[in-house]
Amino acid sequence: MTVNTLHHSKKTKKPVRKGLHPKNLHNEGYDFPALVKNHPALASHVKPNAYGDLSIDFADPLAVKTLNTALLNRYYHIVGWDIPEGALCPPIPGRADYIHYMADLTGSGLGREQPNIKLLDIGTGANGIYPLLACQMYGWQCVGSDINPLSLENVATIIAHNPTLKDRFTLRTQHDKNHIFEGIIQAGELFDVSVCNPPFHASLDEALKGSQRKLNNLARSRGEQTANTQSPALNFGGMGAELWCKGGEQLFLKKLIRESQAYASQCRWFSSLVSKADNVKPAKKLMRKLGAVDIRDIEMNQGNKTTRILAWTYM
């Protein structure tokens with residue numbers, strides 16, 4: 001939901017909210033007064049929306065980033081979280097959902113810390129969100145990998161601001177753009193789960209068009225016809241490999257699944273977000289062909305948006 005800039009003669013009907021994971025701290029929505037109290041910088045972004053509820057303008061990149069900083073501080077005790085301008089700014093409730101479902105999958109979702117669980121985040125980006133949440137929610141040991149050294153430098157700064165993360169969250173650089181796990185998973189190393197938020201688009205142009213569609217949807221929720229912009233801002237950000245790669249999500253998933261086979265004995269569960277429903281069936285077919293013995297298709301709901309996780313194991 002976003003800030004409404006128009007007045008309506010008729011009462012606006014609230015959209016139906018679909019549920020997050022039962023353990024998700026954000027199941028009841030955002031407590032903006034509490035968040036503002038915890039992080040005063042958020043105050044200037046909070047206004048009543050079309051339904052009379054406090055909200056922010058989710059089309060405003062700075063507002064989204066400030067909300068994330070407040071959420072991470074209040075609920076996950078992470079201080080000093082920040083990302084460079086233009087970097088991917090992930091929705092915290094949805095990212096927390098992914099970790100909760102992985103906790104269920106590994107048998108550690110019992111509300112207790114599980115320091116023996118080890119997670120690998122492929123393409124951790126400048127935000128490092130999955131390991132940060134996994135460390136704080138479940139006490140897991142985490143490794144974040146990325147091909148962009150500047151992204152890793154930013155995550156290193158976040159870790160430095162939070163001393164409790166120092167021994168639980170480590171970073172590794174992927175030096176070869178043609179590989180995902182090779183050069184990251186070390187000989188004899190074992191992971192319980194790998195997570196990934198793959199680049200959705202095949203090009204920058206496609207990513208910008210996708211952002212324009214998102215902005216138009218946000219505008220319609222405010223009663224406007226289309227978003228008033230000629231150069232769509234990527235409201236959740238995204239630089240280079242964070243949002244697009246040659247072949248888009250479909251080719252990346254194919255590459256991820258194929259390379260996972262070579263590390264079948266070093267990771268209990270491989271997983272990835274899948275944004276496009278058409279990519280699910282061919283991905284499952286390839287997993288079975290390569291010898292996966294169990295495949296999970298996990299649906300996640302946030303507001304009116306549905307996405308999914310595909311998880312597979314050779315063990």
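Quick caveat: nothing in here was measured; it's all calculated off a predicted structure.
- Between D146 and S151 there is a side-chain heavy-atom pair separated by less than 4.5 Å.
- Within 6.0 Å of the CG atom in N178, the count of heavy atoms belonging to other residues, nucleotides or ligands exceeds 12.
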Can you check side chain to side chain contact (heavy atoms under 4.5 Å, CB included) on C89 and N68, steps first, answer last? CA-CA 8 Å; C89 191; N68 274 9; 3.4 Å; yes
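- Here NZ of K118 is found 15.0 Å from OG1 of T106. Values are rounded to the nearest 0.5 Å.
- The structure places SG of C142 at 7.0 Å from CD1 of I99, a figure rounded to the nearest 0.5 Å.
- Looking only at atom types and distance, the side chain of Y30 has no donor-acceptor partner in the side chain of S55 under 3.5 Å away.
- Checked for salt-bridge contact, R268 and D192 meet the test: a charged N lies under 4.0 Å from a carboxylate O.
- From N197, atom CG reaches atom OH of Y130 across 4.5 Å, with rounding to the nearest 0.5 Å.
- Hydrophobic clustering (side-chain heavy atoms under 4.5 Å, transitive across Ile, Leu, Val, Met, Phe, Trp, Tyr) keeps L190 apart from V193.
- For Y75 and H39, the ring centers are positioned 6.0 Å apart or more.
- For residues 289-299, every residue pair satisfying the side chain to side chain donor-acceptor pair (under 3.5 Å) rule, not counting sequence neighbours, is listed here: K284-D297, D294-R296.
- Across every non-hydrogen atom of L119 and V195, the tightest pair is CD1-CG1, 3.9 Å.
- In this structure, CG on N127 lies 9.5 Å from CG on L72, to the nearest 0.5 angstrom.
- Side-chain N/O atoms of H100 and Y138 include a donor and acceptor closer than 3.5 Å.
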Would I147 and T173 satisfy side chain to side chain contact (heavy atoms under 4.5 Å, CB included), going step by step from the backbone distance to the final call? CA-CA 6 Å; I147 200 165; T173 305; over 6 Å; no
Applying side chain to side chain contact (heavy atoms under 4.5 Å, CB included), run through R168 and W140 and close with a yes or a no. CA-CA 7 Å; R168 289 194 280 178; W140 290 357; over 6 Å; no
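- Using a 4.0 Å cut-off between charged nitrogen and carboxylate oxygen, D57 and K47 do not count as a salt-bridge pair.
- Pairs of residues two or more places apart, or lying in two chains, that qualify as side chain to side chain donor-acceptor pair (under 3.5 Å) and include a residue from residues 255-266 are S260-W312, S260-Y314.
- A donor-acceptor contact under 3.5 angstrom links the side chains of H21 and D104, judged on distance only.
- Taking the side chain as every heavy atom from C-beta outward, L165 and L132 approach each other to under 4.5 Å.
- Under the 4.5 Å side-chain heavy-atom criterion for Ile, Leu, Val, Met, Phe, Trp and Tyr, L290 and V280 are members of the same hydrophobic cluster.
- Considering CD1 of I92 and CG of D97, their distance stands at 12.0 Å, rounded to 0.5 Å.
- For the pair C135 and F169, the tightest heavy-atom approach, listed with the atom from each and the gap, is SG-CB, 4.1 Å.
- To the nearest 0.5 Å, atom CG of residue L35 and atom CG of residue N73 are 9.5 Å apart.
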Please walk me through it: do E182 and Q174 pass side chain to side chain contact (heavy atoms under 4.5 Å, CB included)? CA-CA 8 Å; E182 186 176 325; Q174 174 55 267; 5.6 Å; no
